[in-house]
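Order of the sequence lines sets the chain letters (A, B, ...), proteins ahead of strands, with each chain counted from 1. What you are looking at is a predicted structure, and each value in this text was computed from that prediction instead of being measured.
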Amino acid sequence: MRFHLDDEQRAFALSLDGMLTAAGTPAVVRAWTAGDTAPGRALWSRLAEAGVFALAVPKQHDGLGPLPVELTVAFTEMGRHAVPGPLVETVAVAAFLDRLGDEAAAAWLPGIASGRTAASLCLLSDDSPYALDAHAADAVFVVEGDTVRLAAAAGPVQPSADPARRPARPLGGTVLAHGPEVAAAAAHAAGVAALMTAAQALGLGRTLLARTVEYARQRTQFGVAIGSFQTVKHRLADTLIALEFSQPLVQAAAVALAARDPESDRAIAAAKVTACEAACAAARAALQIHGALGYTEEFDLSLWIRKARPLRSAWGTPAACRARVLTP
Amino acid sequence: MDLDFTAEEEAFRAEARAWLATRVPAAPLPSLETAEGFSAHREWERTLSADRWSVVSWPERYGGRGASVLEWLIFEEEYYAAGAPGRVSQNGINLLAPTLLEYGTDEQLARILPPMASGEVIWAQAWSEPESGSDLASLRSTAVRTDGGWLVSGQKTWSSRAAFADRAFGLFRSGRSGTEATKPHHGLTYLMFPLDAYGVTVRPIGRLDGKPAFAELFLDNVFVPDRDVIGEPGQGWRVAMSTAGDERGLTLRSPGRFTAAADRLTALWRSSADPSDTALRDRVADAVIGARAYRLFAYAGASRTAAGETIGAGSSLNKVFWSELDIALHETALDLLGPYGELSDTAGEAPAHGRWAEGYTFSLAGPIYAGTNEIQRDIIAERLLGLPKGRR
């Protein structure tokens with residue numbers, strides 16, 4: 001057993017972290033929120049150059065994957081930097097098309113691998129009527145039961161509690177494929193999306209915790225750093241515990257997915273609910289410990305705080321995940 | 001990255017499983033916190049050790065199998081999945097033995113470990129005092145130098161297992177104040193003594209359910225020979241705290257306990273719960289997920305340890321996590337049991353031979369012993385997160 005990241009995987013994480021730090025993601029997020037997707041797409045290209053999207057695409061379609069473990073490494077780093085855009089959805093589309101394996105795969109997967117194509121996905125059977133960032137995507141796939149269609153357009157954006165997320169109803173379009181294999185591929189894609197969301201939430205939580213620890217060390221009240229107060233310490237300790245015990249769930253789910261383990265569904269559900277709840281708790285702790293400052297829109301930490309809640313519901317609510325964990 | 005076991009590890013698992021399948025008593029033994037249960041559990045330790053299953057991670061010469069951390073985790077999974085008895089020797093095996101293996105002399109190891117492995121000598125801990133709980137370094141019991149050893153006096157309390165155990169280990173103040181003892185954790189000496197020694201009085205204390213799970217110890221000039229001091233006199237704090245600080249949280253309560261309990265909880269839920277009660281379902285799912293998370297966290301730790309990395313203060317994360325998981329899991333079970341949830345483990349009609357009731361009472365102590373969870377959270381905040389020290 002080697003249940004920890006190897007040197008290459010760690011180096012990959014560090015290089016993404018370095019690149020995203022230098023890129024200054026807060027400005028990218030704010031532009032994306034305002035409807036200017038150009039900086040976001042430029043960052044998308046750099047992520048693609050680093051190989052992020054190729055990890056989701058098989059070799060015969062110009063990819064390197066699918067490599068779920070490396071993908072979770074990448075999504076943790078993208079979550080750490082609150083990178084905007086339909087990242088999870090694009091990777092889920094790659095998983096969907098790879099599993100579907102018809103000419104649609106050949107048509108779209110090379111573009112996804114190279115970063116030319118940002119895609120979004122709506123699984124109507126999965127209770128979500130929206131496709132994330134459909135306006136910014138080059139292709140929006142809509143699965144309803146046994147049918148998948150390529151949407152013709154997107155309806156008006158329904159602003160999210162995280163304004164960097166821009167959900168919209170996909171409209172119309174042409175049928176790409178029909179049959180039980182569509183539903184099976186969609187179920188696989190939903191699992192991949194849930195796992196990537198969990199990894200993203202884990203990274204989000206890590207940043208929320210790190211920034212809050214830093215703040216608690218520097219902010220003084222009553223003449224001392226507020227981080228010396230036991231209530232503050234204990235809340236941050238609990239935040240760390242929740243994140244630390246989420247991480248192996250995320251990694252084990254990726255290992256299970258890579259091995260096509262029949263248990264992977266349940267492993268993903270466990271990772272999803274745990275990582276997303278840990279991120280939400282981290283966001284609440286970050287907000288509380290930053291006080292009124294944390295409640296302001298102009299303070300960059302708001303970009304992380306606001307993302308936690310939507311991720312919790314995306315690609316599998318806590319209730320749905322818990323039910324799945326107990327499905328025999 | 002993988003979660004695969006080698007052929008040797010699978011064989012080790014199969015051997016443990018086969019042995020346990022024929023040896024584990026069909027019905028749980030009486031509670032180990034009673035005189036009758038204590039002796040039944042001691043007998044079980046003898047059975048375990050006869051086939052070298054009592055201390056698998058120890059070196060072979062002391063009765064172990066030299067098992068790796070991962071093999072130990074595997075053994076524990078099988079042990080608790082088989083419904084095997086609680087370990088009456090746990091204080092010795094989990095707390096004293098790692099200290100001895102790090103600081104003990106060859107003579108001490110050869111003399112103390114084999115009878116610990118066989119259950120012939122059961123150990124109690126003697127840390128807390130009436131005025132020194134979480135603030136352990138403020139302890140006042142003394143060890144005064146005498147010819148060939150030390151004279152130990154004072155009062156220890158909340159000593160787990162001491163009502164029936166044979167020997168105890170703990171910390172005593174040996175430095176004179178104003179000299180070595182400029183700081184409270186200086187001038188302490190770690191030593192061991194028999195509970196039937198001249199000058200020792202044991203007063204059993206009932207825990208919440210009345211069973212004498214711990215005791216007060218009154219020590220009046222108890223002679224402890226030099227050979228029963230662990231490490232250097234005056235260095236006891238360092239000796240005690242290093243007790244594989246790395247691994248304590250893990251070895252004290254292995255993931256196997258919780259994965260087995262979560263499996264039993266799931267079975268109970270499937271057989272008895274109203275499927276429309278999603279609140280209960282969610283709590284069962286959380287117990288299953290928590291046990292899984294702890295197991296995977298331990299695998300990751302074992303994997304990193306095998307690769308030569310150190311875990312450090314991370315053990316505090318374990319301790320808070322499993323102790324809270326244990327209570328939540330047992331509370332969920334009691335809720336599933338409805339009117340039978342209140343029955344004591346001694347009740348004739350107690351479900352599962354009283355296993356849930358006993359487990360619940362036991363779980364309630366988890367956030368308190370081995371360093372309260374408040375202390376663990378302080379350690380996490382200060383050593384892992386780097387927050388400043390402050391008033392407790």
Heavy-atom nearest pair, Leu3(B) first then Val255(A), reads N-CG1, 4.1 Å
Taking every heavy atom of Ala216(A) against every heavy atom of Leu387(B), the minimum-distance pair comes out as CB-CD2, 4.0 Å
The reported gap from CD in Glu214(A) to CG in Leu385(B) (rounded to nearest 0.5 angstrom) is 11.5 Å
For Ile289(B) and Ala270(A), the nearest pair of non-hydrogen atoms, with its separation, is CG1-CB, 3.9 Å
The interface call for Val232(A) against chain B, heavy-atom contacts under 4.5 Å, is neither
Hey, are the side chains of Met1(B) and Asp6(A) touching, using non-hydrogen atoms and a 4.5 Å cut-off? no
When the 4.5 angstrom heavy-atom criterion is applied to Pro328(A) and chain B, the contacting part is both
One should read off an interatomic distance between Gln376(B) CD and Ile241(A) CD1, to the nearest 0.5 angstrom, of 9.0 Å
Correct closest heavy-atom pair for Ala381(B) and Ala237(A) would be N-CB, 4.5 Å
So, the part of Ala323(A) with a heavy atom under 4.5 Å from chain B: the answer is both
- Task: Would you indicate whether Arg2(A), at its atom CZ, is surrounded by more than 12 heavy atoms from other residues, nucleotides or ligands within a distance under 6.0 Å?
- Result: yes
* Is a donor on one side and an acceptor on the other found under 3.5 Å between the side chain of Lys233(A) and the backbone of Ile380(B)? -> no
Here the pair of heavy atoms bringing Leu326(A) nearest to Arg281(B) is CD1-O, 3.5 Å
Highest number of heavy-atom pairs under 4.5 Å with chain A among Arg295(B), Glu9(B), Glu374(B) belongs to Glu374(B)
| said: Under a plain distance cut-off of 3.5 Å, with no hydrogens placed, do His234(A) and Asn373(B) share a side-chain donor-acceptor pair? | reply: no
Bottom line for Ala319(A): the part with an atom under 4.5 Å from chain B's heavy atoms is both
Turns out that what part of Leu209(A) lies under 4.5 Å from chain B's heavy atoms comes down to side chain
Are the side chain of Ser228(A) and the backbone of Gly390(B) linked by a donor-acceptor contact shorter than 3.5 Å? no
Ring centres of Phe245(A) and Phe297(B) under 6.0 Å apart?
yes
| field | Close side-chain approach of Leu296(B) to Gln251(A), heavy-atom, < 4.5 Å | value | no
message = For a 4.5 angstrom cut-off between non-hydrogen side-chain atoms, does His4(A) reach Glu309(B)?
response = yes
Checklist entry - With a 4.0 Å cut-off, would you call Glu382(B) and Arg217(A) a salt bridge? => result no
Cut-off 4.5 Å, heavy atoms of chain B, and the answer for Val213(A) is both
Whatever's closer than 4.5 Å to a heavy atom in chain B on Ala267(A) counts as both
Between Ala293(B) and Pro248(A), the two heavy atoms sitting closest are O-CG, 4.2 Å
Output for pair (Leu73(B) CG, Met1(A) CE), nearest 0.5 Å, gives 8.5 Å
